[in-house]
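Notes to accompany the following structure.
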Amino acid sequence: VSTQSISVMRPRLPDPFRVVGRLNQIQSVRTYSNFGPQVRELESRYADFLGTSPDRVVSVTNATLALEGAIVVTDIGRWQVPSFTFAATPAAVLGAGRELIWADISADDWWIDVSTASDLENSGIIAVAPFGSGFSFNRWPRDREVIIDAAASLGAPLPPLSHLPPTWAVVFSLHATKVLPAGEGGLAVFGDASRAQAFRSWSNFGFDGRRESMRVGTNAKMSEMAAAFALCSLDGWDQERSEWQRAQEQARQVEHQLGLRTIPGAESQLSPYWIVEFQSVEQTDRVEHHLEANGIGTRRWWFPTCHTMSGFRHILAPDHLPVTEHVAPRVLGLPMFRELTEGHFSRVRLALSEAL
Ligand SMILES: Cc1ncc(COP(=O)(O)O)c(C=O)c1O
């Protein structure tokens, strides 16, 4: 048995030799940002990939800014946010200068449970797709303002985004740790083309055709170089998908053999995570320490929960977010990357069974 350590993740961008052609194109055009040819091609390719039109897809520096901009282009002052998420989600609401209301998650599938937040009527909903989950559009009323933080969901089964209600947006991350990576990058997809246009303007200093700020904006534009990497990832999607699928299938086998519980619906998804919910906090701690002692990386994803973090503690939370408080300390991310071999999974399975 190898004693080499196994990381919890090993991000991998497209091989540089596949990107060189696009980098040469960028150099010959000498446009490095500002919605150049690579970014335009990327938005159009993603419109096809996601089943919508290019005028509703805007590329952006990262998903955190995509969330912030998607909030800024609405008139909604208060947003319900689950505490069980990555810190980017609440940071985006506060970055947009809006009020944040913490909400609990549903025990069934870890999506936001909006009935738990205090202001049901006039608030927007930031629905976080847990760990790369897929989604449909029938969960919330079509006339609500909804932003789906689908940071890791580009590999999940999704309905055509042309069916997004006009007041909804979906945000994806192209960070190195996600599927289809660019290194840093994001996409904001809107149900309404005029919102997408307002978002594009916000991402470019509030300019709208002229070099004059028509609204308060920022600089959140994706560079041509990031778009070149993102396009090469898309070109290699078939290969990448089968590599993730193979690794995920092996993770499902280990779960099955050891009777572990993962995210509901994980069988049909293709995410860059292996998430397990253990039976008790004590068992989770034990697994974490035993795997570490055996050179196997784990990660506490979305724990501590956001509402308890120093950076967000000034935002009043309900006395209890019972499901969040139950789930978060029992969740552990186990190794998941494309080069994992059967040997790696055997080691993980052995260490898990010893700890359990
Ligand atoms: C749920 C969630 N939202 C937002 C983000 C932020 O994405 P980015 O790193 O592209 O800003 C992440 C990143 O991991 C995430 O997991």
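Every number for a ligand or one of its atoms is a count from 1 in the order of the listing.
Phe345 has its ring centre less than 6.0 Å from the ring centre of Trp274. No close placement of the Phe86 and Trp302 rings is indicated, their centers lying 6.0 Å or farther apart.
The closest protein non-hydrogen atom to atom 11 (O) of ligand 1 is Thr64 OG1, 2.5 Å. Counting only heavy atoms of the protein, atom 1 (C) of ligand 1 lies nearest to Asp149 OD2, 3.5 Å.
The atoms of ligand 1 that sit less than 4.0 Å from any heavy atom of Ala88 are 4 (C), 5 (C), 6 (C). Within ligand 1, the atoms closer than 4.0 Å to a non-hydrogen atom of Ala151 are 2 (C), 3 (N), 4 (C), 5 (C), 12 (C), 15 (C), numbered from 1 in the order shown. Close approach of ligand 1 to Thr85 (heavy-atom distance below 4.0 Å) involves ligand atoms 1 (C).
Salt bridge absent: Asp55 and Arg200 never bring a charged side-chain N and a carboxylate O closer than 4.0 Å. Salt bridge status for Arg98 with Glu68: absent, with no side-chain N to carboxylate O gap under 4.0 Å.
A tilted orientation is assigned to the rings of Trp111 and Trp140, their planes being inclined by 30° to 60°. Taking the six-membered ring where tryptophan is involved, the planes of Phe199 and Phe190 are tilted, since the angle between them lies from 30° to 60°. Aromatic ring orientation, Phe135 versus Phe137: tilted (interplanar angle from 30° to 60°).
Geometrically, ligand 1 and Ser173 share a nitrogen or oxygen pair separated by less than 3.5 Å. Residue contacts with ligand 1: Ala63 is placed with a nitrogen or oxygen under 3.5 Å of a nitrogen or oxygen of the ligand (distance criterion only). Inclusion of Lys178 in the set of residues having an N or O under 3.5 Å from an N or O of ligand 1 is warranted. Distances between N or O atoms of Glu184 and those of ligand 1 include no value under 3.5 Å.
No cation-pi contact links Arg241 to Trp244, judged by a cut-off of 6.0 Å to the six-membered ring centre and 45° from its axis.
For atom 16 (O) of ligand 1, the nearest non-hydrogen atom from the set Phe86, Trp301, Phe131 comes from Phe86.
Remark: distances from the non-hydrogen atoms of Trp302 to ligand 1 include one below 4.0 Å.
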